[in-house]
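Here's the structure, in structure tokens; my notes come after.
In what follows, every chain begins at residue 1, and chains take the letters A, B, ... in the order their sequences are listed.
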2 protein chains.
Amino acid sequence: MNEVAATGISVLLVDDHPIVRQGYRRVLESQGDLHVVAEADNAADAYGAFKAHDPDVVVLDISMPGASGLEAIRNIRARSPRARILVFTMHNEAVLVKAAFGAGASGFVTKSSEPSAVVNAIRSVARGERAMSDDIAHVLAEDSLSPTGSVLDQLGEREIEILRQFAGGATTEEIAAHLNLSVKTVQNYHYLIKSKTGARTDAQLVRLAATCGLTRI
Amino acid sequence: MNEVAATGISVLLVDDHPIVRQGYRRVLESQGDLHVVAEADNAADAYGAFKAHDPDVVVLDISMPGASGLEAIRNIRARSPRARILVFTMHNEAVLVKAAFGAGASGFVTKSSEPSAVVNAIRSVARGERAMSDDIAHVLAEDSLSPTGSVLDQLGEREIEILRQFAGGATTEEIAAHLNLSVKTVQNYHYLIKSKTGARTDAQLVRLAATCGLTRI
DNA sequence: ATCCGGCTTGGGAAATTTGCCCGAGCTGCA
DNA sequence: TGCAGCTCGGGCAAATTTCCCAAGCCGGAT
């Protein structure tokens, strides 16, 4: 195994914007101990690049077209449980953070973070530690992170079905009719799902459902 | 007037993500003829920085918190009609592009563009030419041919901005705070957007925004 | 110059939904 | 047997949505 700790930390950059990758690359390389050994611009290529270069840390933006970034995390972790993945995105929704950690991410920093915070997060993740930026810690703190895995694992069958129909665009009445439930019960499930997943908005719920593959858009 | 053509092109960078600015700065500086003379992380500061440094080109991301990026473009152009503004964002929706040029932008390139395309666009804009990346030209071309305009064409600028933030997961209060509007007004827009687009559900609204490229999931 | 229409901004009030409490029946499991 | 969790719904105050309206502004048409 090539443990490159002595020579620095090798990084695989995954982001769909070329110039953004280019910028990150320069910022990271200027640190001295960080070396970008490969890049990928989509989730599908990410695992191939990971296999080919065995980087110490994968830095990836989960908001990419095509397959979900969460999928990429699961993909890499499933076959290489040692992989250290740092999610680096502009989103700071608790549901996404939990989903990312649930999928196997080692860290989560937002693009609002100072560059120094980002590079420190990379170093932390490379050492095997968990890392997150201050704003993420805040949203998670208010949310009381549950130690269970994927967000959907917290949901029962009924809850998932209602979430699917809701994210698909169905109204509360339609869902109630489809499932032969009272409107009140559907409303309660709606609320329950929100509190379980930490979504504070219907829109966040739809995004969650989409990132979990519950609905396609 | 300090025409700095002989010594290169001075650039003001406006983007709300520190590390992204840092990255752009390094990419641009490495070109030799491009010099980042100032940065701003929000629309409000952008004009101040513009006045203070009189850059040849303003490179700005229109998807920022606070006042809309379009607002910033109008702001700068209103007081300095000579200003050259290059919009640089991940969004590629035709309505946004048209709105940006309408507000006075000189160019529009997406973050999907190759770095070389971006720096060439900056040079073109500095020479007073109009510039846009290939993908933008493509969406504009298709848009002009399409008999059935996008659903988003029915929406005004404010409505689009609010839809984007809503679909991104922001609450009504957050949107109101971002745009300096009353909660009531945001609620009214929310309703207005629904009736205009025919969406009967928040979830449908999010899906609509996603299929129009207003938000990424 | 004037009017018309659309955008933007908000008020008001009724209708609906949310947020969060509760209990009850069911199942599986220890 | 008992506990835990899912499913289902009642209740009720608080918040939001829904829909109507008005006023200012601006651009285009007359």
Side-chain angles (χ1 to χ4, degrees), chain A residues 94-95 142-144 146-149 151-167 169-206, chain B residues 66-71 73-75 77-78 95-96 98-104 149 151-167 169-206:
Chain A
V95 275
E142 287 183 6
D143 201 79
S144 87
S146 87
T148 65
V151 184
L152 286 188
D153 290 344
Q154 309 169 33
L155 301 181
E157 212 176 285
R158 243 338 53 145
E159 293 163 340
I160 288 182
E161 180 57 31
I162 287 175
L163 174 56
R164 184 207 320 283
Q165 295 198 20
F166 169 76
T171 67
T172 302
E173 289 94 341
E174 287 167 353
I175 298 176
H178 290 157
L179 301 181
N180 242 234
L181 295 175
S182 82
V183 170
K184 181 61 190 176
T185 298
V186 178
Q187 290 173 340
N188 278 337
Y189 272 115
H190 193 351
Y191 165 73
L192 192 64
I193 294 168
K194 275 201 208 173
S195 51
K196 275 194 181 183
T197 59
R200 284 155 52 251
T201 279
D202 284 353
Q204 292 182 9
L205 223 42
V206 175
Chain B
S68 149
L70 295 176
E71 216 57 63
I73 297 177
R74 257 188 291 276
N75 231 317
R77 293 280 299 187
V95 277
L96 258 191
K98 290 197 271 190
F101 279 117
V151 195
L152 292 186
D153 288 343
Q154 312 166 32
L155 301 181
E157 192 180 292
R158 248 312 82 135
E159 294 163 340
I160 289 180
E161 179 60 30
I162 287 174
L163 173 56
R164 188 214 319 290
Q165 295 197 20
F166 169 75
T171 67
T172 302
E173 290 95 341
E174 286 167 353
I175 298 176
H178 289 157
L179 301 180
N180 238 257
L181 296 175
S182 82
V183 170
K184 181 62 190 175
T185 296
V186 177
Q187 289 173 340
N188 278 337
Y189 271 115
H190 192 351
Y191 167 71
L192 191 63
I193 294 168
K194 273 200 207 174
S195 51
K196 275 195 182 183
T197 58
R200 284 154 49 251
T201 279
D202 284 351
Q204 292 180 9
L205 222 44
V206 175

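Side-chain proximity of A:K184 to the nucleotides C:dT8, C:dA13, D:dG10 is greatest for D:dG10. Comparing D:dT17, C:dT18, C:dT8 by their nearest atom to the side chain of B:Q187 picks out D:dT17. Comparing atom distances between the B:Y191 side chain and each of D:dC19, D:dT17, C:dT18 picks out D:dC19 as nearest. Closest approach to the B:K194 side chain among D:dT17, C:dG10, C:dG19 is made by D:dT17 (side chain taken as heavy atoms from C-beta onward). You'll find that the side chain of A:K196 is closest to D:dC6, out of C:dG10, D:dC8, D:dC6. Checking C:dT8, C:dC7, D:dC6 against the side-chain heavy atoms of B:E157 singles out C:dT8 as nearest.
Place B:N188 and B:E159 on DNA chain C by their nearest nucleotides, and B:E159 ends up nearer the 5' end.
Atom OH of A:Y189 and atom C1' of D:dG9 are 10 Å apart (whole Å).
Of all the heavy atoms in A:E159 and A:I193, the pair that sits closest is O-CD1, 3.3 Å.
Once rounded to the nearest 0.5 Å, the distance linking CG of B:L155 with OH of B:Y189 reads 11.0 Å. In this structure, OG1 on B:T197 lies 9.5 Å from CG on B:L192, to the nearest 0.5 angstrom.
Remark: of the listed residues A:D202, A:T185, A:T172, A:D202 is the sole one forming a side chain to side chain donor-acceptor pair (under 3.5 Å) with A:H190.
Within 4.0 Å (heavy atoms only), A:E161 reaches no atom of the nucleic acid at all. If you check every strand for non-hydrogen atoms under 4.0 Å, A:S182 touches sugar and phosphate atoms only.
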